[in-house]
Amino acid sequence: MKEYLKNIFEEAAKVSPYLNEKQIAFSVPNQKGHGDLSTNIAMLLTKVLKKKPREIANEIIENLNYDKEVIEKVEIAGPGFINFVFTPKFLSKIIIQIDKEKSEFGKSEKYIGKSANVEFVSANPTGPLTVGHGRNAIIGDTVSNLLEWVGYSVDREYYFNNAGRQMRVLGESVQLRYRELLGEEIDFTDEHYQGEYIKEVAQLLVDEYGDKLLNEKDESVFKAKAESEIFKEIKETLKNLDIEMKTFFNEDSLYKDKKIESVLAEFKDKGLSYESDNAVWLKLTELGNEQDKVMVKATGEPTYRLPDIAYHTTKFDRGYDKIIDVFGSDHNATFPDVKAGVGALGFDADKIDVLIYQFVTIIEKGKVVKMSTRKANYITLDELTESVGKDVVRYFFNMRSLSSHLNFDIDLAKKQSEENPVFYLQYAHARISSILRMTKEQNLLASMENLELLNTTAEVNLMKILHQFCDEVLYSAESYEPHRIANYLEELAASFHRFYTDCRILGTEQKLAEARIALAMATQFVIRNGLSILGVTAPDRM
RNA sequence: GCGCCCGUAGCUCAAUCGGAUAGAGCAACAGCCUUCUAAGCUGUAGGUUAGUGGUUCGAGUCCACUCGGGCGUACCA
């Protein structure tokens, strides 16, 4: 629809050059009586032309050359909007297009040939993933899906470090539990990891080595075992949500490959670092940030900043066109440093897009649950997935904008799983499958021959919404807003359910029935395609 | 103190680049199944968009301030 309008406006601009003065945008009005597409161009031109908006609108319409077979009505409304109403016949062409493209419908080639790296989850292997990590995981994976839909080739990446203080404490915790299992008295403090999984790892070591590890001086054997076991579980948790990482990037490799060293040397060469109080500082103030920060501590250990910068340079080295980081709001202070750092090293920091999502407040039994991996106070992501199912988890985390501080009432999620909006969408899909089964039995098949018969309100509305899918996918991908897809699908499903109620197929005159089957099939493809972006299954029966 | 995010119906949340009468779901109430799945449809009710001021043809959206919440503000990650 937009393409058509763009073309006729381009033609009109040849006669009225002032139309090139402003960007002409067409949007879907939120009010039903305001046409199918609408533009505010006349209002934007008031300052340029020094005329009243409605006068300008009138003039624009007079110069507009359009086909009556395509556009039914053009009208000026309100303060000066120009509203376009399309003919049902034109709208119905979308069914033919969907039938042709099927599960490809909605994809765009706009970014074909481009590559993206999406880094998400990136939790250190100190314990199982919690519900808190769930939002990160789902956002990262769905944004990746969206980018793939608009042409990107996407690598999903998980960054971790197994060398820090947390991991040391983890190793010690396992070591203590190991000794405890072998009958020693231990001093297990609040600082150690309290979770049951620590004991399970210790038990594995007992099974494997017996008491041979009692003389181990440091915690490294225990840490290594804990890391591998926990990672096994994390991967399983992600798999249960249909998430598969391409790469697990260990911070350690940055040291082995001397990447850290070379970045440090480069900052020094560029005069961007200095020593003070035995620490090495990065001159972030010179790069436009608030204050200088420490890169290497007096102890000789780097802070997270240095490896983060080094890590991001490897993403550039690997040639990605787009680099995306998914972080919780607790990281919102760190990425400007990293961006400034890689920028100073000569990389185009604008290729990095940082997606900050707000934390989920977990509520259980009416109370806010503060999660802590160390204190073993958490609800694991696996528990959630098991109790409500993958589809509900994925849909729930996808249905709200990243910037919304959402509340997640665990009890409600379990109890109301039957009333979750995701079932509304899946039900629409299943209903269509059912229709197609029934009609097939009666040898009624979809036909594209008489689509102009689709002209009732319910049919026309449904076709209009089908028209919006491609734009919606593109916009959602470019703005990294998966929730728009969820909102769109709810609207589409609602429109279908109305069509289902108003427009019967069995028992209807054959040509109309065949056209309606075609519409139902088209709707089913779009629901299925949309759900697949979100990573939600589209059942044929419910 | 400073920085980022947020405050919209009883609850959970939408609202395209600043657009028209602020929309859904849940909960409440009243209807609709001898016919393709009632996990559905139709209708009613529910709002000073936290508050005050400003910018303009037009503000939930932009600016300033106030109130309230989340997260930061490390030689933790």
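Proteins come first, then strands; the chains are lettered A, B, ... in the order of their sequence lines, and each starts at number 1. Quick note: numbers below take in every heavy atom, side chains included, and nothing from hydrogens, waters or symmetry partners.
- Residue contacts shown for N83(A) include a base, since a base heavy atom lies under 4.0 Å away.
- Atom NZ of K390(A) sits in a crowded spot, with more than 12 heavy atoms from other residues, nucleotides or ligands closer than 6.0 Å.
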Give the table of side-chain donor-acceptor pairs shorter than 3.5 Å for residues 35-45 of chain A, with sequence neighbours excluded, one pair per line with atom names and distance.
residue: D36(A); atom: OD1; partner: K464(A); partner atom: NZ; Å: 2.6
residue: D36(A); atom: OD2; partner: F86(A); partner atom: N; Å: 2.8
residue: S38(A); atom: OG; partner: N83(A); partner atom: OD1; Å: 3.0
residue: T39(A); atom: OG1; partner: A25(A); partner atom: O; Å: 3.0
residue: T39(A); atom: OG1; partner: I41(A); partner atom: N; Å: 3.2

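- Which of A14(B), A20(B), U73(B) sits closest to the side chain of Q291(A) comes down to U73(B).
- Closest-nucleotide positions on RNA chain B for V28(A) and E251(A) were compared, and the one nearer the 5' end corresponds to V28(A).
- The distance between the ring centers of F249(A) and Y311(A) falls below 6.0 angstrom.
- Within the nucleic acid shown, H331(A) comes within 4.0 Å of at least one base atom, counting heavy atoms only.
- For H405(A), counting side-chain heavy atoms from C-beta on, the closest listed nucleotide (C76(B), A15(B), G70(B)) is G70(B).
- Closest contact between the side chain of S403(A) and the listed nucleotides C6(B), A14(B), A20(B) involves C6(B).
- A salt bridge links D471(A) with K2(A): the distance from a Lys NZ or Arg NE/NH1/NH2 to an Asp or Glu carboxylate oxygen falls below 4.0 Å.
- Relative ring orientation between Y357(A) and F359(A) is described as perpendicular, the plane-to-plane angle rising above 60° on a 0-90° scale split at 30° and 60°.
- Using a 4.0 Å cut-off between charged nitrogen and carboxylate oxygen, K223(A) and E172(A) do not count as a salt-bridge pair.
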B/S/- contact track for nucleotides 31-46 of chain B, protein heavy atom under 4.0 Å: ----BBBSBSSS----
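- For V294(A) against A279(A), the heavy-atom pair with the smallest separation is CG1-CB, 4.1 Å.
- Contact check, N30(A) against A20(B): a side-chain N or O comes under 4.0 Å of OP1 or OP2.
- Distance from the side chain of S404(A) is smallest to A14(B) among A14(B), A77(B), U12(B).
- In the set G70(B), U16(B), C6(B), U16(B) carries the atom at the smallest distance from any side-chain atom of Y475(A).
- Taking a pair as Watson-Crick or G-U wobble with both distances under 3.5 Å, the runs of three or more consecutive pairs in RNA chain B are B:1-7 with B:67-73, B:10-13 with B:23-26, B:28-32 with B:40-44, B:50-54 with B:62-66.
- C17(B) and C13(B): their C1' atoms are spaced 23 Å apart (whole Å).
- The same atom, P, is picked in C32(B) and in G58(B); the two are 49 Å apart, to the nearest Å.
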